Amino acid sequence: MRAPLCLAHHGTEVRLTTYLVTGGAGFIGSHLADALLAEGHHVRVLDDFSTGRTENLDPRCEVMRGDVCDPAAVRRAMVGASGCFHLAAVASVVRANEDWLGTHRVNLGGTITVYDAARALGGVPVVYASSAAVYGNVSGVAREDATPAPRTAYGADKLGSEQHAGVGLLVHGVASVGFRFFNVYGPRQDPSSPYSGVISIFARAIGAGEPITLHGDGSQTRDFVFVADVVQHLVAGMQHLADRPGAYLLNVCTGRETSIRELAEAIGVATRRKPVIKDGPARAGDIAQSVGSPRLATITLGLHERTSLADGLATLLASLSGQRSLERV
Ligand code: NAD
Ligand code: UD2
């Protein structure tokens, strides 16, 4: 399938760049699709809509409903693409612990299916989502040269994705950037799912005057990174591969850690509602501290700015109130 044409104003043929986004109907993938469209690219989405939603997608996206574990579907979706952003996964630690084999099939099997299609099509560059879960319990700031020690099936599959990406370059010449996302938040993260991020759960509940539950004493910390910053890293990563092909691993984080109790207070301030807090048991295997170093990504990709938690929360809450006002219509 050749890239679609657009005719420049002086009538010469200009070929649009096509990018494949697996998981493009999801929280992060749909924001990436929006950014690629805004840059004038053609976006092809491969998604099975298991957690992704049609309403997340700009109608200009070309949508292929399919399973990332299906080699023929992935090959069809990747033909003619200048690059592949691979975000499709079961993005839940809890679900990976509950359905070990099923989530492994998607999170590692699906990822290798993507790499293998990239190989078969002559070396399509791949930018893929890994996770801070590969670090496990790191005391202090997590840097990319730390020894990975995943504590969940989810983290182990993300680490496997990184190791197969390295093989992909060595054996097959497939260039890649793996991004270790820390805790991503922003509009379209589905608060209704028990697997959703704590910020989307707290923002919806506090905004609605409903109680929130602090797991444990709320002292556990996270590095919360706004979805727009994640998209900026993904786009810059693909550009970097065009300039300097290789196999890279980079954190996507802010370098700032926030406790869950501080988070609840910050959302209370932003919503001008005092959070109603219930204490709950600590989550089994919960990570006590998670904060990353953004230094290597900054140096490699030249990305210096990260959205502050206050600014990110303000944007998220504005989008939620916008949704509520639409719902009232
Ligand atoms: P999401 O659930 O919103 O997006 C995942 C998308 O993949 C969905 O659209 C889903 O329908 C699709 N999908 C799932 N299984 C599929 C399959 N077999 N075939 C085709 N499509 C399939 O989650 P998200 O938060 O946007 O996560 C995107 C990526 O980022 C995932 O790889 C996730 O592991 C990773 N990640 C997310 C976070 C976070 O904080 N949200 C943190 C670390 C890593
Ligand atoms: C996130 C990702 C996970 C994986 C991991 C890597 C999500 C939803 N999960 O898991 O996919 O990448 O990072 O480190 O993005 N909490 C409460 N009350 C609630 C909900 C959560 O106290 O109602 C606590 C929870 O116990 C944890 C913290 O908030 O200590 C963050 O929880 P999370 O589910 O948002 O994300 P996390 O870090 O467990």
Side-chain angles (χ1 to χ4, degrees), residues 21-32 45-54 56-57 64-70 73-74 77 85-96 102-103 105-107 109-111 113-114 128-138 142 150-152 154-155 157-158 161 179-186 188-191 193-202 205 211-225 227 230 234 252-253 258-261 263-264 277-290 292:
V21 181
T22 74
F27 160 46
I28 298 171
S30 61
H31 285 285
L32 170 63
V45 167
L46 174 66
D47 206 303
D48 70 352
F49 292 87
S50 49
T51 56
R53 302 191 297 187
T54 306
N56 287 342
L57 281 173
M64 296 176 75
R65 184 181 285 264
D67 186 341
V68 78
C69 303
D70 174 353
V74 173
F85 295 91
H86 174 48
L87 298 177
V90 178
S92 163
V93 172
V94 173
R95 270 196 50 204
T103 54
R105 181 185 72 87
V106 178
N107 291 356
T111 298
T113 305
V114 167
Y128 64 95
S130 182
S131 167
V134 306
Y135 289 115
N137 254 334
V138 172
R151 301 166 59 84
T152 60
Y154 171 86
D157 281 334
K158 288 299 189 182
S161 298
F179 283 113
R180 290 174 174 174
F181 298 164
F182 278 68
N183 287 61
V184 185
Y185 71 100
R188 299 184 200 153
Q189 190 171 40
D190 180 4
S193 157
Y195 307 129
S196 189
V198 64
I199 287 185
S200 65
I201 293 171
F202 281 13
I212 59 172
T213 304
L214 278 194
H215 297 161
D217 61 5
S219 64
Q220 62 271 36
T221 66
R222 292 294 185 273
D223 186 328
F224 293 110
V225 56
V227 66
V230 174
L234 291 165
V252 182
C253 59
T258 304
S259 77
I260 303 310
R261 190 172 290 281
L263 171 69
I277 295 178
K278 291 192 306 186
D279 289 328
R283 189 190 275 176
D286 209 10
I287 291 171
Q289 179 193 23
S290 172

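A quick note: this is a predicted structure, and the numbers were derived from the prediction, not measured. Order of listing sets the numbers, starting from 1, for every ligand and every atom in it.
In this structure, Lys158 contributes its side chain and Asn107 its backbone to no donor-acceptor pair below 3.5 Å. In this structure, the side chain of Asp190 does not engage the main chain of Ser196 through any donor-acceptor pair within 3.5 Å. The backbone N or O of Ala88 lies less than 3.5 Å from a partner atom in the side chain of Thr22, making a donor-acceptor pair. Remark: side-chain polar atoms of Gln220 are not paired, donor with acceptor, to backbone N or O of Ala282 under 3.5 angstrom.
Not a single heavy atom of Ser290 sits closer than 4.0 Å to an atom of ligand 2. Using a 4.0 Å cutoff on heavy atoms, Ala132 does not count as a contact of ligand 1. Within the structure, the closest approach of Ala25 to ligand 1 falls below 4.0 Å when heavy atoms are considered. Between Tyr135 and ligand 2 there is no heavy-atom distance shorter than 4.0 Å.
Contacts with ligand 2 closer than 4.0 Å are made by side-chain heavy atoms of Asn183 only, the backbone lying farther away. Using a 4.0 Å cut-off between heavy atoms, Asp67 contacts ligand 1 through both its backbone and its side chain. No part of Ala133 comes within 4.0 Å of ligand 1, judged by heavy-atom distances. Contacts between Phe182 and ligand 1, counted as non-hydrogen atom pairs separated by less than 4.0 Å, involve the backbone only.
Distances below 4.0 Å separate heavy atoms of Tyr154 from the following atoms of ligand 2: 4 (C), 11 (O), 12 (O). Which parts of ligand 2 touch Val93 is read off a 4.0 Å heavy-atom cut-off, strictly below it: atoms 3 (C), 4 (C), 11 (O).
Considering Gly23, Ala89, Gly109 only, the shortest heavy-atom separation from atom 14 (C) of ligand 1 involves Ala89.
The two residues Ile28 and Leu234 have their closest heavy-atom pair at CG2-CD1, 4.2 Å.
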